[in-house]
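Here's the structure we're looking at; comments come further down.
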Amino acid sequence: MTSASHTDHKYDPAAVEARAQSHWQQTRAFEVREDSARPKYYCLSMLPYPSGKLHMGHVRNYTIGDVLARSRRMRGYNVLQPMGWDAFGMPAENAAIQHNVAPAKWTRENIAYMKGQLQRLGFALDWSREIATCDADYYRHEQWLFTRLLEKGLIYKKKGVVNWDPIDETVLANEQVIDGRGWRSGAVVEKREIAMYYMKITAYAEELLAALDELPGWPQQVRTMQKNWIGKSEGVRFAFPYELDGEAGQLWVFTTRADTIMGATFVAVAAEHPLALRAAQSNPQLAAFIEECRQGSVAEADMETMEKKGVATGLFVRHPLTNEPVPVWVGNYVLMGYGEGAVMAVPAHDERDFAFAKKYNLPIRQVIAKDGETFSTDAWQPWYADKENVHCVHSGKYDGLAHEAAIDAIAADLAAQGLGEKKVQFRLRDWGISRQRYWGCPIPVIHCEACGDVPVPDADLPVRLPENVELTGRGSPLAKMPEFYECTCPRCGKPARRETDTLDTFVESSWYFLRYACPDAATMVDARAQYWSPVDQYIGGIEHAILHLLYARFFTRAMRDCGLLEHAEPFTRLLTQGMVVAETYYREQKNGKKDWFNPADIDVTRDEKGRITAAHLRQDGQPVVIGNTEKMSKSKNNGVDPQALIDQYGADTARFFIIFAAPPEQQLEWSDSGVEGAYRFLRRVWNYGQKMRAEILPAHTDSAAPQDAALRFELHTHLKQANHDLEKMQLNTVASATMKMLNVLEKAPAADTALHLEGFSILLRVLSPIAPHLCHALWQDCGFAERHHAELADAAWPQPDSAALARNRIEMMIQVNGKLRGKFEVAADASREDIEAAALAAESVQGFLAGATVRKVIVVPGRLVNLVI
RNA sequence: GCCGGGAUGGUGAAACUGGUAAACACAGCGGACUUAAAAUCCGCCGGCAUAACAGCCUUACGGGUUCAAGUCCCGUUCCCGGCACCA
């Protein structure tokens with residue numbers, strides 16, 4: 001049963017873990033295939049970007065996934081848990097520029113290293129299904145789908161606005177724009193319009209929204225965020241007619257507050273709006289303002305927080321209901337790519353318009369009133385924007401109408417003139433998927449002067465990304481490679497030019513979970529994808545709550561509508577893990593830039609209460625500023641390397657600590673203390689296992705029964721709690737329960753061998769998903785594999801014994817006026833009257849009852865009695 | 001700015017459906033064992049007050065509902081995530 005190397009009494013994580021891992025590898029324990037005899041369980045963690053080495057967030061994510069996967073397997077499920085690499089992306093290009101290494105080489109080396117780390121952590125992964133999104137065997141299918149979606153009209157081309165760095169002549173990601181300047185060049189960033197491909201996600205807006213109600217396995221907060229992001233609103237789209245240079249035109253806007261139209265005192269248009277550009281031709285001041293609006297990033301957060309500015313165009317449109325002239329302004333806060341690129345402004349009933357009108361001295365006209373409130377243009381009051389219990393005033397024939405009625409009447413009048421109608425609008429915008437980057441999936445389109453944009457025929461796929469390139473950081477590499485872009489048109493055979501943009505990396509991560517099911521399929525997916533779909537449990541960071549998860553939901557539907565799948569929702573249950581955060585430390589340079597220091601290089605000073613009072617850089621002993629506690633990131637240099645933890649304490653300790661330290665959905669604040677405690681606990685388990693082998697097992701006979709009912713009650717109470725918490729995915733208290741179980745077993749008399757055996761077999765099974773290596777070794781060494789006829793990974797999950805949990809007397813509390821005053825014992829099946837009588841007679845409350853009248857007695861069976869006096 | 005979330009002892013946290021606030025740990029303090037150290041084991045450990053008990057207070061802050069509120073409602077502060085080209 002055991003070999004000499006296993007009989008060493010000291011807990012040696014490295015040896016224990018190598019032993020378990022080689023067992024799993026030799027038995028191919030976690031390679032699975034379709035099996036109609038058992039329920040399937042597809043447990044998926046978000047795939048990592050191969051940035052170099054694992055960070056703590058990865059370890060947390062995959063540990064949570066592994067606990068769920070292993071515990072399901074022990075409950076009889078056919079469990080698939082795969083892993084792969086989100087291998088395209090910007091960091092590889094940055095590394096290439098900085099270290100002069102090809103992105104492909106850099107990425108593949110990172111993958112090899114990180115794979116080794118994942119294997120060292122002992123996750124129950126089916127490595128035979130591993131995929132890397134940068135492999136042509138993966139992205140060829142994505143290119144194939146692209147051409148289908150292009151034909152179906154679900155992908156189309158239009159102009160979009162990007163951040164343009166005029167010095168590096170390159171498009172910048174929002175992340176690369178810092179305070180309006182390019183991160184490398186320092187140049188003031190400009191907005192530039194370029195032609196791009198878009199996925200028509202808005203075609204699915206209604207379905208994506210409605211289906212959120214049918215995702216009970218998703219956290220409510222994620223569903224709410226997606227709902228708000230899709231942003232369905234019902235309103236009125238209408239036009240302000242105008243005449244310009246003798247030509248008639250219409251300026252269209254959308255509003256959800258058509259009941260306030262009579263208070264519209266100006267119209268604001270985006271800087272890129274055709275009317276603005278036309279007016280600027282003869283208005284240098286306006287032209288200068290439009291130029292100013294072109295500067296800065298395209299990020300919405302920047303647009304929303306910047307100072308709202310505007311300039312009058314000098315043009316006027318006519319109010320569609322009053323025919324009065326209304327001035328047209330250009331506002332830097334109006335987005336051309338959103339809605340109509342123009343908004344009506346009602347200063348009296350919109351807070352932003354109010355501020356703008358005050359700033360530029362534009363009229364503020366009240367058209368909504370509320371009983372008991374007085375309107376004043378001096379300061380904004382929240383009720384000005386109310387929709388309930390308000391009515392129209394100063395609005396002619398609409399006076400007295402409530403919100404809904406006014407909208408109906410106004411929409412009808414606009415429609416009668418052909419100047420508007422009710423409309424449902426979504427905040428959701430189509431998904432721009434073109435990237436002017438090198439390290440991504442090439443867009444499979446050929447541009448021909450005669451034939452236009454021609455999709456690459458199936459037979460010519462994949463369009464391979466050339467892998468040996470030099471990156472300079474200027475321009476787009478593919479656009480400088482004639483050997484890549486020079487080609488012939490598949491239709492007419494004449495010389496043509498290949499598209500040099502690549503796809504957004506979110507495209508790869510929108511369907512990878514389907515490819516795991518059939519990684520060797522000749523087509524994009526096959527029947528195996530249907531067997532494993534949908535993913536039963538998805539685990540990943542809360543930061544992906546909107547974009548990635550929404551894109552994947554859309555993509556699954558698009559594939560369904562191409563006949564590739566039968567289902568619409570990719571992920572049945574979702575667990576959004578909290579972030580791993582750590583303190584930040586920095587020093588500010590004279591130019592305002594911050595140098596960030598890693599927590600590992602910092603010594604902190606604490607006061608007698610343990611609070612941090614100061615921090616110093618170990619290297620020079622000089623003080624540093626203590627920043628906020630934030631998500632571990634490269635930019636803030638506050639990452640803690642999990643490798644050091646694994647090297648020192650082993651994978652089981654790292655896993656146990658991460659599970660124990662915080663509930664999965666909550667943020668996990670990293671601290672080195674506590675890891676030691678996890679290690680001590682596992683060592684106690686190991687030492688108990690050695691005692692089991694040396695003392696308990698030799699004394700045990702199979703006919704013996706557990707003796708100590710009180711301890712057995714505690715043991716099964718902890719097991720019941722653990723099972724309940726596991727179901728809720730509150731894994732930290734599952735870990736606590738295993739600690740409580742060990743505390744019980746260490747109290748148990750050595751002679752009660754049956755209790756020890758029962759208890760330890762339960763403990764090992766409950767602990768095994770969290771610390772699988774240690775438990776695997778003890779399970780074998782203590783003979784449980786023979787007793788239970790299964791290796792631990794396949795052992796049946798333990799269930800509490802109801803006989804052990806039965807009680808005939810229970811303890812209840814007595815409150816007097818809601819304050820705890822005493823306790824008493826009562827038979828478990830006592831009647832309400834008996835409980836009440838026992839409570840009133842209890843010694844501990846006599847002092848409070850003396851001279852008082854008991855007005856009311858509240859009995860909560862099994863818990864407490866509250867005496868109201 | 002907008003959307004979503006969070007705040008409980010020195011620290012991480014627990015408290016099931018509104019019913020004993022602080023389980024389980026970490027750190028700290030005291031003790032046992034030891035020539036000594038490490039390891040291990042035992043005890044104490046929210047605040048005020050007290051010789052000790054009794055008692056009073058306490059779940060970010062301010063109100064409210066209830067026999068009873070960490071939990072529900074209203075308002076506020078601070079922190080975190082996302083905001084469409086970071087992944």
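Bear in mind that the values here come from a model prediction, so they are computed numbers and not experimental data. Throughout, protein chains are lettered first and strands after them, A, B, ... in sequence-line order, and every chain is numbered starting at 1. When reading the values below, keep in mind they use all heavy atoms of this one structure, side chains included, and skip hydrogens, waters and symmetry mates.
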Taking only the [atom1] atom of each, what is the distance from [N] to [M] in whole angstrom?
N: B:A23; M: B:G9; atom1: C1'; result: 14 Å
N: B:C79; M: B:U8; atom1: P; result: 15 Å
N: B:U76; M: B:G6; atom1: C1'; result: 16 Å
N: B:C73; M: B:C78; atom1: P; result: 22 Å
N: B:G28; M: B:G19; atom1: P; result: 36 Å
N: B:G46; M: B:G4; atom1: P; result: 39 Å
N: B:C57; M: B:A49; atom1: P; result: 16 Å
N: B:U66; M: B:C72; atom1: C1'; result: 10 Å

Is the A:Trp431-A:Tyr551 ring centre distance short of 6.0 angstrom?
-> yes

Report yes if the distance between the aromatic ring centroids of A:Tyr679 and A:Tyr11 is under 6.0 Å, otherwise no.
-> yes

Quick one: is A:Arg683 getting a side-chain N or O under 4.0 Å of the B:U40 phosphate, OP1 or OP2?
-> yes

Considering just the side-chain nitrogens and oxygens of A:Asn732, establish if one lies under 4.0 Å of OP1 or OP2 belonging to B:C24.
-> no

Using the test side chain to side chain contact (heavy atoms under 4.5 Å, CB included), find all partners of A:Glu304 that sit at least two apart in sequence or belong to another chain.
-> A:Glu300, A:Arg352

Can you name the residues that form a side chain to side chain contact (heavy atoms under 4.5 Å, CB included) with A:Asn817, not counting sequence neighbours?
-> A:Val868, A:Ile869

When rounded to the nearest 0.5 Å, the distance separating CD1 of A:Ile542 from CG of A:Leu574 is 8.0 Å

Send over the distance from [X] [atom1] to [N] [atom2], rounded to a whole Å.
X: A:Glu811; N: B:U20; atom1: CD; atom2: P; value: 12 Å
X: A:Asn687; N: B:A39; atom1: CG; atom2: P; value: 14 Å
X: A:Asn228; N: B:G1; atom1: CG; atom2: P; value: 17 Å
X: A:Tyr688; N: B:U40; atom1: OH; atom2: P; value: 18 Å
X: A:Trp380; N: B:G1; atom1: CH2; atom2: P; value: 16 Å
X: A:Gln220; N: B:G6; atom1: CD; atom2: P; value: 12 Å
X: A:Phe660; N: B:A13; atom1: CZ; atom2: P; value: 11 Å
X: A:Asn743; N: B:G43; atom1: CG; atom2: P; value: 11 Å

Nucleic acid footprint by protein, nucleotides 52-69 of chain B - heavy-atom cut-off 4.0 Å, B for base, S for sugar-phosphate alone = ---SSS---------B--

Determine, for nucleotides 78-86 of chain B in 5'-to-3' order, which nucleotides have protein heavy atoms under 4.0 Å from the base (write B), from only the sugar-phosphate (write S), or from neither (write -).
-> --SSSBBBB

With heavy atoms under 4.0 Å as the rule, sort [X] into base, sugar-phosphate or nothing.
X: A:Tyr333; result: nothing
X: A:Arg684; result: sugar-phosphate
X: A:Met739; result: sugar-phosphate
X: A:Gln730; result: sugar-phosphate
X: A:Thr305; result: base
X: A:Pro48; result: nothing

Whether [Y] and [X] form a salt bridge (side-chain N of Lys/Arg under 4.0 Å from carboxylate O of Asp/Glu) is what I want to check.
X: A:Glu714; Y: A:Lys747; result: yes
X: A:Asp504; Y: A:Arg435; result: yes
X: A:Glu307; Y: A:Lys359; result: yes

Is there side-chain contact between A:Met739 and A:Phe656, with at least one heavy-atom pair below 4.5 Å?
-> yes

Excluding sequence neighbours, so at least two apart, what forms ring-ring contact (aromatic ring centres under 6.0 Å, His included) with [X]?
X: A:Trp85; value: none
X: A:Phe824; value: none
X: A:Phe356; value: A:Phe266, A:Trp329, A:Tyr333, A:Tyr360

Would you call the rings of A:His58 and A:Tyr62 parallel, tilted or perpendicular, where under 30° means parallel and over 60° means perpendicular?
-> parallel

RNA chain B in dot-bracket form (Watson-Crick or G-U pairs under 3.5 Å, [ ] crossing, | inter-strand) is (((((((..(((......[....))).(((((.......))))).(((......)))..(((((..]....))))))))))))....

If you pin A:Gln666 and A:Lys740 to their nearest nucleotides in RNA chain B, which one's is more 5'?
-> A:Gln666

When the nearest nucleotide of RNA chain B is assigned to A:Ala735 and to A:Gln221 on a heavy-atom basis, which residue is associated with the more 5' position?
-> A:Gln221

Quiz: residues 660-668 of chain A side-chain donor-acceptor pairs under 3.5 angstrom, not counting sequence neighbours:
{"unit_1": "A:Glu665", "atom_1": "OE2", "unit_2": "A:Thr576", "atom_2": "OG1", "d": "3.3"}

Under 3.5 Å, which N/O atoms of the protein pair with N/O atoms of nucleotides 27-31 of chain B?
{"unit_1": "B:A27", "atom_1": "OP2", "unit_2": "A:Arg680", "atom_2": "NH2", "d": "3.0"}

Any pair with a residue in residues 855-869 of chain A that passes side chain to side chain donor-acceptor pair (under 3.5 Å), sequence neighbours left out, goes on the list, sorted by first then second residue, please.
-> none

Syn or anti for B:G9, please, going by whether the chi angle lies within 90° of 0.
-> syn

Pairs flagged by salt bridge (charged side-chain N to carboxylate O under 4.0 Å, His left out) wherever residues 220-232 of chain A is involved - sequence neighbours left out = A:Glu206-A:Lys232

